[in-house]
Protein chains: 2
Amino acid sequence: MIAGVSPTPTDPIEKDRSRKRSTINDIARLANVSKKTVSRVINESPFVKEETRLRVNAIIREVGFEPDPQARGLAFRRSFLIGMIYDNPTPQYVVNMQQGILDAMRGTSYGLLVHPCERTSPTYLSDLRGFIERQKLFGVILTPSISEDERMVKMLREFECHYVRIASVMLDKPSTMVVTHDADGAAEAAHYLAELGHERIAHISGPPSFRSAHERRRGFREALAQRGVKLRPSFDREGNYTFDSGIAAARELLALKPRPTAIFAGNDEMAAGVYKVAHELGIDIPRQLSVIGFDDSATALRLWPVLTSVRLPVREMGKLATDKLFGRQAKKKPAEPELSEVIPKLIIRESTAAPSE
Amino acid sequence: MIAGVSPTPTDPIEKDRSRKRSTINDIARLANVSKKTVSRVINESPFVKEETRLRVNAIIREVGFEPDPQARGLAFRRSFLIGMIYDNPTPQYVVNMQQGILDAMRGTSYGLLVHPCERTSPTYLSDLRGFIERQKLFGVILTPSISEDERMVKMLREFECHYVRIASVMLDKPSTMVVTHDADGAAEAAHYLAELGHERIAHISGPPSFRSAHERRRGFREALAQRGVKLRPSFDREGNYTFDSGIAAARELLALKPRPTAIFAGNDEMAAGVYKVAHELGIDIPRQLSVIGFDDSATALRLWPVLTSVRLPVREMGKLATDKLFGRQAKKKPAEPELSEVIPKLIIRESTAAPSE
DNA sequence: CTGAAAGCGCTTACAG
DNA sequence: CTGAAAGCGCTTACAG
């Protein structure tokens with residue numbers, strides 16, 4: 001229709017025009033349709049003639065047009081932003097989770113907004129409410145322990161904000177859950193230690209405010225019981241998933257007589273604390289003490305000897321959760337519930353051996 | 001003006017209204033001014049009568065009104081989003097940096113969008129261009145080594161996107177820089193080792209693609225030279241800031257005869273690699289080998305013995321950079337250049353001692 | 001299957 | 001110091 005629109009290098013006006021992003025109006029004009037039709041193509045409406053759709057799409061690609069998420073968001077009354085809300089203290093976990101979410105977002109026009117928070121802060125809920133309401137989030141990914149807070153979830157429903165909860169057990173409708181079955185991973189650790197011949201086995205659990213702490217402890221205890229090994233009260237210590245709490249618990253545990261020959265820590269950070277105390281006391285790992293962690297974080301490989309740990313595929317969990325948020329379900333028989341599950345796996349390294357005594 | 005507007009618990013209509021966010025129009029109506037005036041108050045325009053401003057602000061607070069960032073962004077042709085663009089491989093660094101940026105953003109209506117990337121990817125620059133153009137970012141924080149890429153910066157200028165570069169040396173106008181002076185930190189490490197009496201001192205540097213790798217090496221070499229100690233070529237190894245590269249370099253270094261009595265690693269990750277090899281070879285740290293890292297990350301405390309390391313206040317750097325992006329300068333004599341600087345500091349722990357031989 | 005009008009919640013450009 | 005009109009780039013609601 002319009003002749004000679006291709007920019008020439010000597011044409012300063014055309015240069016300026018090309019710097020400006022093209023809009024839905026430009027596309028409509030070039031395709032000779034209304035902007036509403038372009039909008040329909042963008043939003044993949046089925047009510048567009050095949051031929052029209054192809055023509056519009058061709059022009060969109062040619063011009064390199066991308067709709068403005070802010071404008072779309074304003075009209076949709078909902079932004080193209082995903083929030084990651086977390087209070088997990090482990091950087092490795094946070095970064096892996098972010099990576100997984102971004103994996104699923106690649107190629108979309110969505111952005112990832114991060115929002116760390118502290119459940120103990122008095123403004124925790126109101127901060128979060130402000131964040132979600134202000135940003136008009138499309139949806140959020142909730143990781144433990146935030147994912148276990150029903151007040152949080154109630155608020156999200158109020159704002160009609162989509163969400164997916166990552167947690168160690170089923171807490172909600174299957175379509176909103178990624179379940180990590182921490183108890184099964186802990187059970188694997190228990191069976192392995194029992195098979196090695198350990199009987200004086202200790203556990204350092206996470207804080208009661210994390211559901212995973214209960215699950216890991218329960219899975220461990222129950223599997224031990226199956227093997228006829230009892231987790232004695234003095235060998236059953238509470239930590240809070242931090243390195244320091246692992247040190248404190250290990251000091252108590254290793255002062256006991258007789259002391260445990262194996263310790264299963266609720267996560268790798270606390271296992272690192274056990275290592276520190278063992279080194280201080282001159283206790284050899286694994287000859288005199290077997291240690292197992294949980295998470296299989298980067299730390300596991302940096303410890304000496306390398307740590308046996310239960311691996312959770314954190315990055316994949318983030319991707320799974322985000323696919324779910326976008327309504328992209330893994331292909332299954334449609335009859336099956338749309339639950340997503342993840343199975344932890346014991347990675348055996350050099351911190352575990354048969355007891356020497 | 002309007003009587004009885006306070007909602008009563010039994011009034012379902014009022015309840016419904018209260019669920020809907022109020023807009024600039026509601027405030028204008030309640031304050032008996034035009035929405036343009038409300039807009040002026042929001043944007044802190046000086047051209048509003050004191051009395052009007054107070055009245056409008058009172059109503060804004062009363063109603064709990066917050067302007068919609070998407071709508072503002074559309075009108076401003078610029079979003080209320082800050083991007084953090086990074087390719088740093090250390091999770092601890094990434095999380096600390098994010099925390100620092102969020103510290104500075106607290107109380108604002110801005111959001112933090114994360115964008116990890118790989119400089120080696122063929123789509124690196126075009127991905128980034130898409131990200132910045134699509135999201136119409138208010139500004140970005142660039143961390144090493146992305147912050148050292150002039151093509152990246154050129155692109156940002158093209159889009160008139162504000163930016164602050166965090167880097168180990170001055171690369172740009174002072175108003176856009178947070179300089180970390182890595183060379184000074186490395187020099188401290190050198191002086192300390194020389195003082196302890198070491199002469200066979202080795203260095204494992206980061207990858208040449210990171211400016212900090214050069215700076216740390218340079219600072220270390222020069223300070224050593226001042227003390228009359230030469231960094232021999234066989235003791236001068238290149239790594240790439242990863243744990244594995246630290247292992248590889250340490251294997252070579254510790255096979256040398258005579259081997260070094262001290263190793264300064266370009267970061268803690270590589271120092272962790274040195275520990276692993278030393279343990280394997282039965283070399284005692286610090287009696288037979290002193291080790292110093294850089295970053296003072298969480299890993300430094302989890303290693304045994306605890307690692308002497310050069311600390312960079314990463315979280316503060318993030319806050320500093322973001323304050324700068326917002327034009328919030330530290331108060332100084334206005335004549336002084338608006339450069340932000342950070343001085344690394346050697347944290348002495350238990351991985352360093354006088355050489356035994 | 002397609003389009004003209006009105007609107008999302010703000011701001012810019014202009015006028016007074 | 002204040003406001004009415006037009007516009008940012010899209011979509012909804014309606015009509016045909």
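A, B, ... follow the sequence lines: proteins, then strands. Residue 1 opens every chain.
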Q: Yes or no on salt bridge (Lys or Arg N to Asp or Glu O under 4.0 Å) for A/E50 and A/R53, after CA distance, side-chain angles and deciding distance?
A: CA-CA 5 Å; A/E50 175 73 2; A/R53 196 171 54 70; 2.7 Å; yes

Q: NA contact type, A/P46, heavy-atom cut-off 4.0 Å: base, sugar-phosphate, or nothing?
A: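 Sugar-phosphate, backbone atoms only, no base.
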
Q: May I ask you to say what A/F76 touches in the nucleic acid, namely base, sugar-phosphate or nothing, with a heavy-atom cut-off under 4.0 Å?
A: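 The residue A/F76 makes sugar-phosphate contact but no base contact.
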
Q: Rounded to the nearest Å, what distance is computed from the CZ atom of residue A/R55 to the C1' atom of nucleotide C/dC1?
A: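 About 13 Å, once rounded to whole Å.
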
Q: Is the distance from OP1 or OP2 of C/dC8 to the nearest side-chain N or O of A/R77 less than 4.0 Å?
A: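 No, outside the criterion.
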
Q: Mapping B/K49 and B/A75 to their closest nucleotides on DNA chain D, which lands nearer the 5' end?
A: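 Whichever sits nearer the 5' end wins; that is B/K49.
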
Q: Can you see which heavy atom on A/M155 is nearest to which on A/L125, and at what distance?
A: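 Shortest heavy-atom contact: SD-O, 4.0 Å.
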
Q: Heavy atoms only, 4.0 Å cut-off, all strands: where does A/F80 land among base, sugar-phosphate and nothing?
A: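 Here A/F80 touches no strand at all.
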
Q: Does C/dA13 pair with anything, Watson-Crick or G-U wobble, both distances under 3.5 Å, and if so, with which nucleotide?
A: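 When the pairing criteria are applied, nothing turns out to pair with C/dA13, so the answer is none.
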
Q: Tell me what A/N43 touches on the nucleic acid: a base, only sugar-phosphate, or nothing, going by heavy atoms under 4.0 Å.
A: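 Sugar-phosphate, backbone atoms only, no base.
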
Q: Nearest whole angstrom, please: distance from the C1' of D/dC10 to the CD1 of A/I27.
A: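 Nearest whole value for this atom pair: 13 Å.
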
Q: Compare the minimum distances between each of D/dT11, C/dC10, C/dT2 and the side chain of B/T23, then state the nucleotide with the smallest one.
A: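 Nearest to the side-chain atoms of B/T23, counting from C-beta on, is C/dC10.
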
Q: Nearest whole angstrom, please: distance from the P of D/dG9 to the NZ of A/K36.
A: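 After rounding, the gap between these two atoms is 18 Å.
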
Q: Between B/T123 and B/S126 (side chain of the first, backbone of the second, donor and acceptor by atom type, cut-off under 3.5 Å), is there such a pair?
A: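 Here the side-chain-to-backbone pair does not exist.
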
Q: Could you give the CZ-to-C1' distance, from B/F47 to C/dT12, as a whole number of Å?
A: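 Distance check: B/F47 CZ to C/dT12 C1' gives 15 Å.
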
Q: If each of B/S22 and A/E50 is mapped to the nucleotide of DNA chain C with the nearest heavy atom, which maps nearer the 5' terminus, i.e. the 5' end?
A: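 Final value for this comparison: A/E50.
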
Q: How long is the line joining CZ of B/R78 and P of C/dC10, in whole Å?
A: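 Atom-to-atom, B/R78 to C/dC10, this comes out as 20 Å.
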
Q: Between atom CG in B/L74 and atom P in D/dG7, what is the gap in whole Å?
A: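 Interatomic distance, CG of B/L74 to P of D/dG7: 14 Å.
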
Q: Kindly say if A/S34 contacts the phosphate of C/dA4, meaning a side-chain N or O under 4.0 Å from OP1 or OP2.
A: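 So the side-chain polar atoms of A/S34 never come under 4.0 Å of the phosphate oxygens OP1 or OP2 of C/dA4.
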
Q: Quick check: on DNA chain D, is the nucleotide nearest B/K136 upstream (toward 5') of the one nearest B/R40, or the reverse? Name the residue that is more 5'.
A: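 Its nearest nucleotide being more 5', the pick is B/R40.
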
Q: Tell me whether the rings of A/F138 and A/Y110 are parallel (<30°), tilted (30 to 60°) or perpendicular (>60°).
A: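 Ring orientation, 0 to 90° scale: perpendicular.
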
Q: How long is the line joining CG of B/N25 and C1' of C/dT11, in whole Å?
A: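 Between C1' of C/dT11 and CG of B/N25: 13 Å.
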
Q: Which residue pairs satisfy the salt bridge (Lys or Arg N to Asp or Glu O under 4.0 Å) criterion with at least one member in residues 74-84 of chain B, sequence neighbours excluded?
A: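 Of all non-adjacent pairs touching residues 74-84 of chain B, none passes salt bridge (Lys or Arg N to Asp or Glu O under 4.0 Å).
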
Q: So, OP1 or OP2 of C/dC10: does either fall under 4.0 Å of a side-chain N or O from B/S39?
A: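 For C/dC10, neither OP1 nor OP2 has a side-chain N or O of B/S39 closer than 4.0 Å.
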
Q: Kindly say if A/T52 contacts the phosphate of C/dT2, meaning a side-chain N or O under 4.0 Å from OP1 or OP2.
A: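 Yes, such a contact exists.
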
Q: Please determine, for D/dA4, whether a Watson-Crick or G-U wobble partner exists with both distances under 3.5 Å, and give it or none.
A: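 Across any shown strand, D/dA4 pairs with none.
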
Q: Just by distance, no angles: are the side chains of A/D87 and A/Y124 close enough, under 3.5 Å, to form a donor-acceptor pair?
A: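 No, A/Y124 and A/D87 have no side-chain donor paired with an acceptor closer than 3.5 Å.
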
Q: Given atom CG of A/D68 and atom P of C/dG9, what is their separation to the nearest angstrom?
A: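 That distance rounds to 17 Å.
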
